[in-house]
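Here the structure is laid out as structure tokens; the discussion comes afterwards.
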Amino acid sequence: MKFDYIIIGGGLCGLSAGIRLAEQGKKTAIVSSGQSALHFCAGSFGLLGKNGDKTVLNPLEEIDRLPEKHPYRLMGKDRVKRLATEVPAMLQKAGITVTGSAEANHFTLTPFGKPRPSWLTLNGLPTFSKLDEKPFEKALIVSIKGFLESYPAFMVENLEKKGVCCRVETIDLERLTHLRESNFDMRAASIAKQMDRATIEEFASKINSCTGKDESVLIPAVIGINDERQLDRMREMVNNPLYCVPTIPVSVPGLRTQHILQHYFEKLGGTYLLGDRVEKGIIENGSVKALVTTNFGEDHLKADAFILASGNIFGEGIKSNPHDFYEPVFGLDVNYSSNRDEWYDFNFFDAQPYMEYGVEIDKDFHPSLKGTKIKNLLVAGSTLAHCNSLKEDSGAGTAILTGIHTADLAMNI
Amino acid sequence: MNYQEQNISANNFEECIKCTICTAYCPVMAVNPDYPGPKMAGPDGERYRLKSPDFYDKALKYCLNCKRCEVSCPSNVKIGDIIQRARIKYDTKPPKLRDHMLAETDVMGNLATAFAPIVNPVLSSGIAKAGLDIIGVDKHRTFPKYASHKFSTYLKKIQPEQEKFQKHIAYFHGCYVNYNNPSLGKDLVKILNAVGYGMLPLSKQKCCGVAKIANRLISRAKHDAEINLKSIREAVEQDMPVLSTSSTCAFTIRDEYPHLLGLENSDVRSDIMLATVFLSRKINDGEIKLVFRDDYKKRVSYHTPCHMQKLGWAAYSTGLLKMIPGIEFVPLPSQCCGIAGTYGFKKENYEYSQKIGAELFEAIENEHPDVVATDCETCKWQIEMSTGAKVENPITLIAEALDVEATMRANGLL
């Protein structure tokens, strides 16, 4: 099968690249082996939240202080800025509302109620502009009876540190009675699937009957698994300001974002091949000729250019064995230490060197194979070396921006 | 030495990283709290079952084997296979009379087609439905109508003229085309002949076995599978690909034979494919051309059957439909319709089956297409029963829209 462009990897990065190409009318396919790390998204996208121990307030200004080979440095500050400005409109067209700007980070809450720097925050999550700002005067933290994945006690402790006056209420919803019979079902995604119109009304009215004056209401993010409208409807029904706080994965806002982006890509004419796996890339004369996948077998997938957005260790875009790190599809040159002792830091919470291992690229985002540049292949997102997305809180930003950037570069090959 | 590879079992349950993504995509878990979900039933449960078979949970019977857990798994764990293998290995309760009846599609089909004029009205009568309900077939279900003449008989009859073609394919018609809808097989003959291919029967064919596997009639399934593989090998030796018009038949022969029945098929696996895959590949390679009528106009949705999602071939079927100029194509989200073959016919599953499909039915009703295309016959029954929409195999729509004369001319046959 022949396409103009093929992207390996169907997460936030692959979809951003795919949407960019499909918007230009290019015949684009995305091959995604399983679902992506977007399912772990806590509801906000970081561009650059931390550099070392420092909380970043102005991510664009901070780019020049990143390591020289960091993907943002390779893109250049101006390019990052221009693309970052275009992202909210792209998401809006797909059906995803975000608040925030790359000019200055704002803050949102983690599942434990700690402030977290954010570039773009999804509809429904609380946002506040300054780190030391009190997000609310009074908060009613709503827990759902039997829910396994919310931690109101942590939330209270952390918010109280900020001087927020907190109260916890547990609400029982009729429709969840059946779900609670199981030991496994009281998780965010399962609950979210039960949220029909009547349950939303019941939830809203039970919240209204227990809220006090001036209290902001925080509920676990279990509303709006398919679209944002459900969240908007519920907000209209609740008398006090209502916010969702992220839960432990699988995340409902993450699921929603994945599906909306995939649907938008398909609506633009893109082909999303879920559950297929690229087993081998065929390279001839320094160019990728075709991909061999599990499902298409001898019908090789061909394209003019390819983008590798297959993720890192979690997405199996980068794999390891006791001796090496490697990129499994093409065997591209990977940056890692050959001394195994240097892979880890024994302090679990410190930056782990292996997190920065990934595919080495040139300034045009082309990788190399045994030192030879691959002309029609570009690499994007967490597959890239030299960024520690977890420590920098830059995972979503790198995914979206290098995704769009490589799509533009691919169109100019 | 690769330590990691040596630590992984054949069903790779150790590679589950406990991310729980599969649980968000399990259609059963969303409606039936008695089902522990793919992670618990699959890799987590496997760990316990290896310690003692006493840990086997009989609720695994609620798994409808849609494989959507496998499709969503970022770590490529064969979750669905782990669950089905556990059912086969540890569920020792003998299958019920009802299960035998639903699974013995060849026996039932041969009997029913012989007496179709009597069987059809009887099966749809209230008395028969009440009787079936007692043995556990849900009374809301209507059995598909049986044809009076089997497709296999027709195929034998046209064999001399089919042999005259220079190129041939072998057709695995399966039970549905043979006993219920021979016209789908005839539609494929029409398309193949127009592009210069003759259709030949396999020397012998039995039910693919999916219903027997689902109802744990494993030795019966194996017996049939061995007959099928033997005939498939004969066809492949004569350079004929083996085509199917049912995503489940194709999936079962390609993947369930080795994974669940332990039958080696790697020598012929890539020769077994859906007819839409064969046609698309030939078109893409420039070997054949299809020309469509100008006066054909239809608004068509495509429903991706679970096994089609697992095969990863929906792009072929939708690609062919989109080639038809008169078709306005309306995509649907890929989700389970709830029937899962014999699963939805069972009284204990009926309610869950309808709940699983509810979102899909709503999406179809909102799009109000003239026809829903799908590659699976049981999805067809479920969608027709639950939405009133007309459902056809893509091959039927292609045959309808085909300009036979112009196609023959384009392929140098006239």
Within the structure provided, determine whether B:Ser75 and A:Glu316 are in side-chain contact (heavy-atom separation under 4.5 Å). yes
When heavy-atom pairs shorter than 4.5 Å are enumerated against chain A, which of B:Cys19, B:Ser270, B:Cys26 gives the highest number? B:Cys19
Heavy-atom check, side chain of A:Asn226 versus side chain of B:Glu359, under 4.5 Å: yes
Enclosure of B:Arg299 CZ (heavy-atom neighbours >12, cutoff 6.0 Å): yes
Is the count of non-hydrogen atoms from other residues, nucleotides or ligands lying under 6.0 Å from B:Glu367 atom CD greater than 12? yes
Give, as side chain, backbone, both or neither, the part of A:His259 having an atom under 4.5 angstrom from any heavy atom of chain B. side chain
Supply the atom-to-atom distance B:Ile21 CD1 to A:Gln35 CD, rounded to the nearest 0.5 angstrom. 6.5 Å
Of all heavy-atom pairs linking B:Ala30 and A:Lys193, the shortest is CB-CD, 3.6 Å
Do other residues, nucleotides or ligands put more than 12 heavy atoms under 6.0 Å from A:Lys280 NZ? no
Tell me, side chain or backbone of A:Leu273 under 4.5 Å from chain B's heavy atoms, or both, or neither? side chain
Top contributor to chain A contacts, counting heavy-atom pairs under 4.5 Å, from B:Leu311, B:Asn284, B:Thr318: B:Leu311
Heavy-atom pairs under 4.5 Å with chain B: which of A:His263, A:Arg277, A:Lys2 has the most? A:Arg277
Looking at A:Lys289, I'd like to know if its NZ atom is crowded, meaning that more than 12 non-hydrogen atoms belonging to other residues, nucleotides or ligands lie closer than 6.0 Å. yes
A:Val250 and B:Ala24: which non-hydrogen atoms are nearest, and at how many Å? CG1-CB, 4.3 Å
B:Pro331 versus chain A, heavy atoms under 4.5 Å apart: side chain, backbone, both or neither? neither
Within residues 293-304 of chain A, residues adjacent to chain B where the heavy-atom gap is under 4.5 Å: A:Asn295, A:Phe296, A:Glu298, A:Asp299
Between B:Lys322, B:Arg281, B:Arg68, B:Lys39, which has the largest tally of heavy atom pairs under 4.5 Å with chain A? B:Arg281
Pair B:Tyr352 and A:His178, ring centroids less than 6.0 Å apart: no
Relative to chain B, which segment of A:Gln262 carries a heavy atom at a distance below 4.5 Å: side chain, backbone, both, or neither? neither
Using heavy-atom distances under 4.5 Å, tell me whether B:Met29 contacts chain A through its side chain, its backbone, both, or neither. both
If you draw a 6.0 Å radius around CD in A:Glu174, do more than 12 non-hydrogen atoms from other residues or ligands fall strictly inside? no
Applying side chain to side chain contact (heavy atoms under 4.5 Å, CB included), run through A:Leu255 and B:Tyr25 and close with a yes or a no. CA-CA 10 Å; A:Leu255 265 168; B:Tyr25 291 92; 3.4 Å; yes
